[in-house]
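This structure is a prediction, so every number in the text was calculated from the model and none was measured. Each chain gets a letter, A, B and so on, in the order its sequence line appears, and its residues count up from 1.
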Amino acid sequence: NALAKGWPAMAVQVGISQYELKLLDDPTRVPGLPPGEVGTRSAFEKLVKKPSDISSRSPLQDLHGIITPSDLHFERHHNGIPTVDPARYELTIHGLVHRPTVFSLADLKRFPSVSRIAFLECSGNFRTGKETMSPQEIAGLTSQSEWTGVKLSTLFREVGVKPSATWFLAEGGDAARMTRSIPVQKGFDDALIAYAQNGEALRPEQGYPVRLFLPGWEGNMSVKWLRRLELGDAPWHTREETSKYTEPVRAPGGGPGKIRQFSFEMDARSLITYPAYPAQVERGWIEIRGLAWSGRGKVVRVEVSTDAGRSWQVAELQQPVLDKAHVRFRHLWRWDGAETEICSRVTDETGYTQPTLKQLIDARGPDTGGYHLNPITPWVLKADGRVFHKPQNWR
Amino acid sequence: NALAKGWPAMAVQVGISQYELKLLDDPTRVPGLPPGEVGTRSAFEKLVKKPSDISSRSPLQDLHGIITPSDLHFERHHNGIPTVDPARYELTIHGLVHRPTVFSLADLKRFPSVSRIAFLECSGNFRTGKETMSPQEIAGLTSQSEWTGVKLSTLFREVGVKPSATWFLAEGGDAARMTRSIPVQKGFDDALIAYAQNGEALRPEQGYPVRLFLPGWEGNMSVKWLRRLELGDAPWHTREETSKYTEPVRAPGGGPGKIRQFSFEMDARSLITYPAYPAQVERGWIEIRGLAWSGRGKVVRVEVSTDAGRSWQVAELQQPVLDKAHVRFRHLWRWDGAETEICSRVTDETGYTQPTLKQLIDARGPDTGGYHLNPITPWVLKADGRVFHKPQNWR
Amino acid sequence: PIVPTDTIPGRFGFGRAASAAHLTRLDSDVRPDGIGLPPGSGTAGQGAVLFRAKCAACHGPGGTGGPNGALVMTAPADALALSGKRPERVIGNYWPYATTVFDYIRRAMPFNAPGSLIDDEVYALTAYLLSANKVMDSTMVLNANTLPTICMPAQHLFVPDDRRGGPEIR
Amino acid sequence: PIVPTDTIPGRFGFGRAASAAHLTRLDSDVRPDGIGLPPGSGTAGQGAVLFRAKCAACHGPGGTGGPNGALVMTAPADALALSGKRPERVIGNYWPYATTVFDYIRRAMPFNAPGSLIDDEVYALTAYLLSANKVMDSTMVLNANTLPTICMPAQHLFVPDDRRGGPEIR
Ligand code: HEC
Ligand code: HEC
Ligand SMILES: [Ca+2]
Ligand SMILES: [Ca+2]
Ligand SMILES: [Ca+2]
Ligand SMILES: [Ca+2]
Ligand SMILES: [Ca+2]
Ligand SMILES: [Ca+2]
Ligand SMILES: [Co+2]
Ligand SMILES: [Co+2]
């Protein structure tokens with residue numbers, strides 16, 4: 001189904017029609033195109049994710065504000081995107097509950113609903129290694145939407161979760177039957193059974209018709225194409241919470257290394273998205289722009305350094321600053337044209353400040369792997385205005 | 001250019017491929033589709049605006065939360081959608097300024113930027129007349145985006161607006177060369193020169209590459225494809241602020257009728273979007289959902305009546321409640337299955353409460369026309385669960 | 001150390017100065033006091049010929065109503081009031097300023113070829129519509145001096161919106 | 001009058017009761033204590049045959065590494081440590097529970113035909129991979145009783161995340 005899959009990319013590449021070319025000379029002298037059923041992106045804008053076999057990265061350097069357009073939301077699948085018929089869709093909740101229940105999509109939409117703007121980030125969201133890497137390539141596995149759905153706590157009450165239930169298993173209806181164990185408390189706190197994203201039904205890539213959404217927690221746990229929740233009294237130790245999504249770390253006190261498991265919360269992070277590779281800037285006033293977020297609550301401060309971390313200035317945060325949400329920060333700076341390094345660091349409401357990669361590796365040891373890396377990410381600004389990533393190699 | 005214009009509608013109608021049909025039986029047994037450059041809407045979802053020759057209405061009854069997907073943002077054009085080459089785009093500011101200046105798109109993006117989530121509504125956004133009308137048909141000329149751009153006050157400072165300037169003219173680069181006079185004060189208060197919408201470049205239908213955005217004010221004034229701002233000492237009385245976008249009203253005290261001009265602010269309004277035609281509901285618990293907004297500031301209260309306005313209950317407002325923004329309200333109700341009328345009314349921070357159409361017509365007189373009508377909009381709930389608009393005819 | 005931010009400048013220096021030629025090309029609006037009116041002139045007689053050729057298909061013969069609406073009053077307001085019918089809102093009974101007719105035709109009409117008229121033609125069409133609406137003598141030559149002197153019957157009806165929120169419904 | 005809202009119910013009554021048959025069809029996870037393991041059994045010998053046919057193309061001969069990664073340790077950790085190389089993270093040196101091997105193969109493998117194996121085959125493949133990783137005797141019959149008894153070398157390394165925010169970097 002290349003057509004259905006490929007159309008937006010095609011449309012981007014269709015370019016300008018003959019009729020439009022005529023308009024370009026003086027659009028005020030020729031009637032424009034008529035209103036339509038569905039809007040188009042301008043043919044002049046090439047906004048695309050960067051796909052691999054298993055993921056696709058959001059073009060962070062091209063985005064403004066805090067909402068990620070749904071069709072540019074990052075993707076990470078463990079065996080592709082299933083096509084789920086909403087009329088046949090069912091969510092089953094069972095295990096340590098009084099009333100094992102099957103909900104249709106229509107059933108779920110009848111419950112009291114909530115909406116919230118929150119980020120979703122893959123816990124393997126850090127790449128480095130060469131200078132010519134954009135924000136998309138370094139950290140494009142984070143995106144933000146307004147999610148709408150029913151609170152999991154509402155469904156927990158509906159099925160009567162037993163007091164003995166401490167964990168629940170969330171299972172996807174994809175070809176990986178993605179499965180994660182989640183503390184029941186998160187279900188009572190703020191988990192959402194989401195069926196809409198940025199005003200419309202979830203996109204297939206984000207779990208259509210229904211996904212779990214765990215605000216602030218590593219993306220893999222927000223199981224897409226959700227089909228089953230089983231309440232239990234212990235975690236299942238599925239492959240995605242043992243073989244994967246775990247981090248070798250130093251033992252406290254320096255004994256033999258440990259493997260950290262159930263690292264759910266996404267640590268506070270920030271990233272300058274402008275100026276950033278591949279942008280080129282001019283000397284003079286530059287508004288440094290970026291995103292900051294924390295899985296543990298609200299961002300309280302972002303600082304920007306324009307002298308390679310020697311001194312820091314407090315950036316402005318675009319209001320409203322939401323809980324567990326991407327925040328847009330901005331910092332006005334006058335560049336004198338000399339080569340320098342610029343970077344940002346965030347502090348969240350728990351008092352945690354984003355570390356350098358060196359601090360992370362010192363703390364966890366060199367074998368820690370690629371999960372939960374949230375380092376300060378400097379950009380090198382050359383005298384000619386070109387901007388490059390500063391590779392952060394440690395392995 | 002039917003292809004470029006028509007692709008999203010096509011994609012909606014392409015439907016399910018043979019490969020996907022195979023998947024439907026049990027998506028867990030067949031690898032899914034791979035990650036892509038641009039996401040797709042599910043083939044099972046038919047989300048479309050309702051176009052006429054001059055406008056296209058947002059499908060309010062199909063939307064969740066407060067963000068309108070950019071391709072479903074309402075449209076109202078006065079001579080079609082121009083195609084503007086961003087490389088050739090220029091904004092000229094002149095008139096009563098110290099430094100008449102031409103800004104390229106790149107220039108505009110260099111200035112300090114801001115983002116805000118706010119609604120945009122056409123002041124002619126009320127239709128009625130038959131029972132089988134959906135929220136889209138009644139009030140689909142309102143939508144909400146996160147807008148990003150440069151504050152007009154920043155540009156005013158840049159060009160040095162003279163103290164004698166009290167109004168400015170905003171001119172579009174479309175075939176209507178849409179032109180409106182705007183008080184300079186609005187430019188200093190909160191006007192935005194917007195180049196992005198929901199994270200990405202403006203859509204062509206919303207003024208690509210640059211539009212004026214006047215939070216809370218009637219949509220026509222947020223001139224799209226903005227190409228010129230002239231500062232002056234009096235309004236221009238353009239056709240769109242004299243022949244159109246004016247309302248015959250009763251004179252105060254009952255003398256001969258007057259014509260109200262420069263009615264900028266959009267009065268507070270709310271609308272139940274569920275249950276609403278063409279939905280059909282079942283007796284029992286129903287979450288009544290809708291949107292409320294005010295051009296004069298924040299929504300402070302939405303009340304819902306389920307007995308044709310005899311009694312009212314306070315609905316919940318989804319947080320955060322933003323200034324001059326659509327707010328999602330929700331009210332849980334147990335329907336006993338008897339025919340009734342449901343409706344909502346909003347109160348904004350100025351203390352204004354949404355009136356009935358009768359109150360509006362009593363105040364303005366029967367000749368007032370179709371602008372700035374924000375009446376309470378009841379839905380008739382039949383015993384069989386079907387929901388119908390209650391026509392509000394007065395002419 | 002956290003150091004204070006750079007002082008925000010009075011000017012950023014982005015953009016280029018708008019040349020006089022650039023502004024002349026772009027600045028084509030017209031105000032009620034006549035500022036912006038170009039040289040040139042036209043009469044209702046000339047306008048009638050143009051109107052038949054370029055406008056009547058959409059606005060009807062004599063501008064009395066076609067697929068895209070009337071521009072001209074067909075009966076005096078009193079007669080309509082007596083007949084119980086509401087008058088169509090057209091130039092003669094609704095527009096507060098005559099300059100707006102010139103400005104709008106010049107920027108937006110004909111709808112299928114906006115910007116295609118030369119200024120003399122716009123003066124002529126404006127003269128034609130104003131005289132058909134009985135707000136101007138049909139023999140008058142319309143130009144940058146005469147157009148702003150025309151007084152429109154509806155002008156005194158226009159009042160700026162003075163609502164400022166609060167409980168009142170108006 | 002503003003009247004108080006309807007009381008929110010303990011239950012809405014939406015959805016249908018999940019039947020035992022429905023749950024049997026759907027509930028196919030396995031826990032470390034063996035809960036969820038189905039009837040059936042398999043041996044490493046049977047698994048070796050299956051592995052060659054259905055798995056080796058992606059995971060290499062004997063599971064020692066192919067286009068989709070190794071599943072089996074190739075050298076003892078000590079030898080690798082001496083050589084300065086880091087051991088690949090595979091079942092034998094990284095997975096904390098043997099039941100996870102069964103659960104994962106049953107739900108997700110082979111990657112191109114997930115859900116196509118019968119339970120005996122999953123037992124056999126699990127036995128094959130556990131014995132190739134030297135955590136199980138190659139002659140043992142794997143079934144719902146024996147599988148949960150297998151002790152994995154890495155199990156004692158796993159610690160739950162105990163970070164709770166605050167200034168500390170860990
Ligand atoms: C192809 C159709 C078409 C032609 C030809 C055309 N018009 Fe129009 N005219 C329109 C439409 C459509 C509108 C309304 C546009 C809008 O509201 O955005 C309009 C509006 C107007 C208005 C404003 C009416 C009002 O009450 O606000 C005037 C004045 C006008 N036209 C004059 C002219 C003149 C003079 C010509 C010829 C030079 C002309 N038109 C040719 C379609 C046409
Ligand atoms: C067509 C390729 C392919 C085939 C055939 C295949 N696998 Fe895999 N296997 C993969 C991929 C790809 C992954 C990683 C999936 C992921 O991470 O989401 C994987 C992962 C695994 C893992 C987890 C590895 C780890 O360290 O976490 C095991 C165990 C496994 N496969 C066993 C098998 C067995 C047993 C078979 C045969 C029955 C098999 N595989 C057949 C592609 C394949
Ligand atoms: Ca499809
Ligand atoms: Ca600052
Ligand atoms: Ca196009
Ligand atoms: Ca309520
Ligand atoms: Ca001017
Ligand atoms: Ca189970
Ligand atoms: Co983790
Ligand atoms: Co108005």
**Q** Check whether any side-chain N or O of A:Glu158 sits under 3.5 Å from a backbone N or O of D:Phe12 as a donor-acceptor pair, and report yes or no.
**A**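 Pair found, side chain donor or acceptor close to backbone of D:Phe12.
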**Q** Can you tell which of A:Glu349, A:Arg250, A:Arg228, A:Arg157 has the highest number of heavy-atom pairs within less than 4.5 Å of chain D?
**A** A:Arg228
**Q** Heavy-atom cut-off 4.5 Å, strictly under: side chain, backbone, both or neither for A:Phe111 against chain D?
**A** both
**Q** Taking every heavy-atom pair that is under 4.5 Å apart, which of A:His78, A:His372, A:Glu247, A:Arg99 has the most such pairs with chain D?
**A**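 Highest number of pairs under 4.5 Å: A:Arg99.
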**Q** Can you give me the closest heavy-atom contact between A:Pro235 and D:Pro32, atom names plus distance?
**A**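 In terms of heavy atoms, the two residues are closest at O-CD, 4.1 Å.
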**Q** Do the side chains of A:Arg227 and D:Leu26 get nearer than 4.5 Å, heavy atoms only?
**A** yes
**Q** Can you check salt bridge (charged side-chain N to carboxylate O under 4.0 Å, His left out) on A:Asp267 and D:Arg163, steps first, answer last?
**A** CA-CA 10 Å; A:Asp267 302 297; D:Arg163 296 170 306 150; 3.3 Å; yes
**Q** Please determine whether the number of non-hydrogen atoms from other residues, nucleotides or ligands lying under 6.0 Å from atom NZ of A:Lys358 exceeds 12.
**A**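 Not buried by this count: 12 neighbours or fewer within 6.0 Å.
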**Q** With heavy-atom distances below 4.5 Å as the criterion, would you say the side chains of A:Tyr352 and D:Glu168 are in contact?
**A**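 Of all side-chain heavy-atom pairs linking D:Glu168 with A:Tyr352, none is under 4.5 Å.
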**Q** Is there a side-chain contact between A:Phe264 and D:Asp161 (heavy atoms, below 4.5 Å)?
**A** no
**Q** Can you tell me which portion of A:Ser181 sits under 4.5 Å from chain D's heavy atoms? Options are side chain, backbone, both or neither.
**A** neither
**Q** Give the minimum heavy-atom separation between A:Gly257 and D:Leu157, together with the two atoms involved.
**A** O-CD2, 3.6 Å
**Q** Looking at every non-hydrogen atom in both residues, tell me the closest pair between D:Tyr94 and A:Ser243 and how far apart they are.
**A** CE2-O, 3.7 Å
**Q** Using atom types as modelled and distance alone, determine if a side-chain donor or acceptor of A:Thr350 lies under 3.5 Å from a backbone N or O of D:Gly166.
**A** yes
**Q** With rounding to the nearest 0.5 Å, note down the distance linking CZ in D:Arg31 to CD in A:Glu230.
**A** 8.0 Å
**Q** Can you check whether anything in residues 96-110 of chain D gets within less than 4.5 Å of chain A, heavy-atom wise, and list it by number?
**A** D:Pro96, D:Tyr97, D:Thr100, D:Tyr104, D:Arg106, D:Arg107, D:Ala108
**Q** Is the distance between the ring centroids of A:Phe103 and D:Phe14 less than 6.0 Å?
**A** no
**Q** Decide salt bridge (charged side-chain N to carboxylate O under 4.0 Å, His left out) for A:Arg260 and D:Asp162; before the verdict, give the C-alpha distance in whole Å, the side-chain angles of both, and the deciding distance to 0.1 Å.
**A** CA-CA 9 Å; A:Arg260 184 186 286 155; D:Asp162 60 351; 5.6 Å; no
**Q** Salt bridge (charged side-chain N to carboxylate O under 4.0 Å, His left out), that's the test. Do D:Arg89 and A:Asp367 meet it? Break it down for me.
**A** CA-CA 11 Å; D:Arg89 291 173 189 152; A:Asp367 288 351; 5.5 Å; no
**Q** Distance from A:Thr353 atom OG1 to D:Ile169 atom CD1, nearest 0.5 Å?
**A**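 One gets 7.0 Å once the value is rounded to the nearest 0.5 Å.
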**Q** Counting heavy-atom pairs under 4.5 Å with chain D, which one of A:Thr246, A:Thr238, A:Val249, A:Leu360 comes out on top?
**A** A:Thr246
**Q** When rounded to the nearest 0.5 angstrom, what distance separates OG in D:Ser28 from CD in A:Glu171?
**A**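 The CD atom of A:Glu171 is 5.5 Å from OG of D:Ser28, to the nearest 0.5 Å.
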**Q** Non-hydrogen atoms of chain D under 4.5 Å away: do they reach the side chain of A:Arg110, the backbone, both or neither?
**A**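 Both backbone and side chain of A:Arg110 come within 4.5 Å of chain D.
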**Q** Counting heavy-atom pairs closer than 4.5 Å to chain D, which one of A:Arg239, A:Gln354, A:Lys258 comes out on top?
**A**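 Of the options given, most contacts go to A:Arg239.
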**Q** Count the heavy atoms of every other residue, nucleotide or ligand shown that sit under 6.0 Å from NZ of A:Lys109, and state whether that count exceeds 12.
**A** yes
**Q** So for D:Asn112, is it side chain, backbone, both, or neither that comes closer than 4.5 Å to the heavy atoms of chain A?
**A**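 Neither the backbone nor the side chain of D:Asn112 comes within 4.5 Å of chain A.
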**Q** Side chain from CB out, backbone as N, CA, C, O: work out which of these in A:Arg296 comes under 4.5 Å of a heavy atom of chain D, or both, or neither.
**A** side chain
**Q** What distance separates A:Ile259 CD1 from D:Gln155 CD, expressed to the nearest 0.5 Å?
**A** 10.5 Å
**Q** If you measure from the Lys or Arg side-chain nitrogens to the Asp or Glu carboxylate oxygens, is any gap between D:Arg16 and A:Glu90 under 4.0 Å?
**A** yes
**Q** With heavy-atom distances below 4.5 Å as the criterion, would you say the side chains of D:His22 and A:Val102 are in contact?
**A**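 Yes, side chains in contact.
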**Q** Please flag which part of A:Pro248 lies under 4.5 Å from any non-hydrogen atom of chain D: side chain, backbone, both or neither.
**A** both
**Q** Once you round to the nearest 0.5 Å, how far does CH2 of A:Trp236 lie from CG of D:Asp29?
**A**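 Here the rounded value is 6.0 Å.
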**Q** So, for D:Leu23 and A:Pro100, which heavy atoms are closest and what is the spacing to 0.1 Å?
**A**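 Residues D:Leu23 and A:Pro100, closest heavy atoms: CD1-CB, 4.1 Å.
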